Amino acid sequence: MKVFRYEIASEPVTVHVPETTNDLDEFWEWFYQARGRGPIAVDTETTGLDVFSSTFRLRTVQFGDAHDAWVLPYERGGYFASSARDALARARHILIHNAPYDWLVLDRHAGIPLEDLAPWTTDTRVLAALIDPRQPQEGGIGTGLKPLSAYWVDPASPDTQAGLTAVFRSLGLTKETGWAGIPLEDPTFLLYAGLDVLLTARLEPKLRRELARLGVRPELVTYEHEIARLCAHMQRTGLVLDLDYTHQLDRRLRDDAQQYADQAARYGVTNVNSTAQLAEAFVGMGETLTERTDSGAVKVDKAVLSRLADLSLQGEPLDTRTPNPLAVAVLRSKRAGKWGKAYARTFLDTVDAAGRVHPFISPLAARTGRMSITRPALQTLPSSDAMIRRCLLADDGHVVISTDFSAVEMRVLAALADVRRMKEAISGGEDLHDFTARLVFGRNFTKAHRKLAKAIGFGKVYGGGAQTISRQSGAPIEDVQRALRAYDKLYPEIRRAASRWQREAFQTGMVSISATGRRLPLDRDRTYAVTNYMCQSAARDVLGQSMLNTESAGLLEYCRLPIHDELLASVPKKEAEEIAREFEKCMTWPLYGVPIEAEAEIGGRSWGSLYGADY
DNA sequence: CTTCTCACG
DNA sequence: ACGTACGTGAGAAGT
């Protein structure tokens with residue numbers, strides 16, 4: 001047995017590393033005693049983050065409480081691996097920091113199903129995010145184990161990740177190769193592996209106490225763990241990648257980017273992504289660039305380039321001037337380059353051996369509680385063109401279904417601010433922006449009137465003023481100001497609620513979301529954003545509740561991605577109609593008496609089929 | 001590491 | 001006193 005002694009918060013702690021079968025008997029003795037005393041912290045060390053790649057390996061599984069950690073060398077197999085598996089199966093209450101990752105590691109590489117582990121897990125990262133969702137750069141503690149431990153457990157707690165990176169370097173390894181390459185006997189590796197569970201075990205009671213002190217409802221904590229499990233479930237399922245098409249697309253985009261870069265080079269631009277070079281070249285061609293960025297540099301973005309290229313932002317010819325050929329080439333090269341690299345290439349880089357991509361779905365990523373999806377960022381695929389979404393497919397024999405909420409943030413606003421006439425309009429089934437336009441501009445309102453009514457609705461939800469609404473919608477500022485006054489008269493509850501919320505936020509530095517009891521920190525100099533925090537966060541919880549409804553209805557196996565106001569699914573072709581109605585039912589329910597409604601769209605085999613692609 | 005740009009809801 | 005559009009992830013350049 002290897003034994004390391006260390007000190008956390010002035011208390012001695014011990015890290016045990018079993019080396020023989022006899023050592024494992026000692027582990028089991030500790031395990032049963034510890035299980036009787038309370039929860040057991042669990043962590044894993046692995047070869048990397050790419051859980052679904054064929055080269056991924058599970059190296060160690062750690063167990064611990066506040067004083068003892070046990071690092072089981074899973075990689076050695078045999079009794080070491082089976083002990084880790086048995087202990088996980090017999091644990092009653094498990095603490096994990098960032099559980100979705102370890103759930104999926106243990107599910108895929110230790111044969112412990114997510115379904116068996118998740119119900120027994122408390123995720124300290126979830127607890128921390130409910131206390132303060134802000135990242136360090138936003139003034140929060142962050143949700144990493146290191147900063148949380150430093151704040152709640154021991155200011156001197158070691159940065160185990162940074163410490164290991166140093167060890168990697170001394171062994172001639174890098175941050176990328178270190179996790180796979182470091183010998184299983186390395187003392188720093190083993191010590192730090194043990195410290196992570198000791199810190200997690202000590203973090204949990206502190207976070208629990210703080211949640212109680214803040215009055216956070218236990219139901220919210222439970223709800224967030226359920227949502228985390230559903231997200232992990234979707235991540236495990238993943239989406240089928242059309243490999244042939246994606247390879248072809250990857251090549252085509254690379255060729256396009258190169259071809260248009262070559263065109264740009266004829267005008268002296270060697271790098272289409274260099275705004276400085278572009279600015280210089282355009283000035284040399286006699287163009288005038290007036291816009292500046294925040295830091296005072298010449299702004300050369302898509303809007304500027306499109307104007308020079310005589311194109312609308314959607315890429316349609318405007319016929320207002322002679323198109324600048326450099327601007328046209330740069331727009332095309334940049335788009336092809338980015339779409340190729342960020343999407344097509346990332347799909348191919350992350351696809352597993354079975355041909356599926358498994359994006360990281362982070363259930364509590366944004367400070368409003370919104371979920372985020374990374375690697376690949378499937379929430380941000382281009383929607384103006386089906387070419388990228390066309391890469392992703394429903395399962396064999398399935399079709400895609402996308403079920404969207406209808407104007408969910410406006411409905412949430414109507415519910416939270418109790419907006420009488422808005423609620424009447426929604427309940428009456430009338431299109432909300434039509435309704436608003438009719439009451440503000442009269443019976444014969446035009447399309448432009450509806451557009452302005454919609455823009456004002458957005459302005460309310462985002463906390464914007466007349467100037468921004470005017471800029472965004474293109475309507476003259478006077479018209480916007482007049483319409484805003486009429487809007488406030490029509491829906492007086494919005495302004496009243498907004499100032500009430502702002503006052504609260506200013507006094508407490510906090511926004512509290514009534515539906516779930518979530519609390520969000522808001523800077524005192526940004527209280528204008530309070531309405532957005534309310535709407536965005538409550539809408540996220542509407543999606544969360546709807547996801548739980550889909551599980552209750554037996555639809556979880558079909559769910560693929562949550563996209564803020566939409567659930568993407570893959571369902572058997574023959575049952576698509578029926579299942580689509582089921583999804584709509586799960587996502588249609590009243591929030592404080594306001595109907596939240598959703599509409600399902602059935603596509604073909606590829607996600608792109610919902611965006612105009614044939615297949 | 002910061003800035004700029006661009007994709008989404 | 002006044003008004004402020006919100007929230008993300010990601011690539012590339014430049015410091």
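This one's a predicted model, so the numbers in the text were calculated from it and none came from an experiment.
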| query | So does Tyr528(A) get a side-chain nitrogen or oxygen closer than 4.0 Å to the phosphate oxygens (OP1/OP2) of dC6(C)? | reply | yes
| message | Between Arg524(A) (side chain only) and Gln507(A) (backbone N and O only), is there a donor and an acceptor less than 3.5 Å apart? | response | yes
| said: Taking the side chain as everything from C-beta on, heavy atoms only, tell me whether Thr468(A) gets closer than 4.5 Å to Arg471(A). | reply: yes
| Under 4.0 Å between a side-chain N or O of Lys302(A) and OP1 or OP2 of dA7(B)? | yes
| Quick one: does Arg389(A)'s side chain have a donor or acceptor within less than 3.5 Å of a partner on Pro382(A)'s backbone? | yes
| message | At 4.0 Å (heavy atoms only), tell me whether Gly463(A) reaches a base, stays on the sugar-phosphate, or touches nothing. | response | nothing
| Okay, side chain of Ser470(A), backbone of Ala466(A): is any donor-acceptor separation there less than 3.5 Å? | no
| request: Could you check how far OH of Tyr462(A) sits from C1' of dG7(C), rounded to whole Å? | output: 8 Å
| task | Answer yes or no: is there a donor N or O on one side and an acceptor on the other, between the side chain of Asp352(A) and the main chain of Ser53(A), under 3.5 Å? | result | no
| request: Select one nucleotide: of dG9(B), dC6(C), dA5(C), the one nearest the side-chain heavy atoms of Phe458(A). | output: dA5(C)
| task | Using the criterion of both pairing distances under 3.5 Å for Watson-Crick and G-U wobble pairs, give all stems of 3 or more consecutive pairs involving DNA chain C. | result | B:1-9 with C:6-14
| Does Arg540(A) make a side-chain N or O approach to OP1 or OP2 of dG9(B) shorter than 4.0 Å? | no
Atom pairs, protein N/O to nucleotides 8-11 of chain C N/O, distance under 3.5 Å:
| from | atom 1 | to | atom 2 | distance (Å) |
| --- | --- | --- | --- | --- |
| dT8(C) | OP1 | Arg367(A) | N | 3.0 |
| dG9(C) | OP1 | Ser372(A) | OG | 3.3 |
| dA10(C) | OP1 | Arg375(A) | N | 2.8 |

| said: More than 12 heavy atoms of other residues, nucleotides or ligands under 6.0 Å from CD of Glu599(A): yes or no? | reply: no
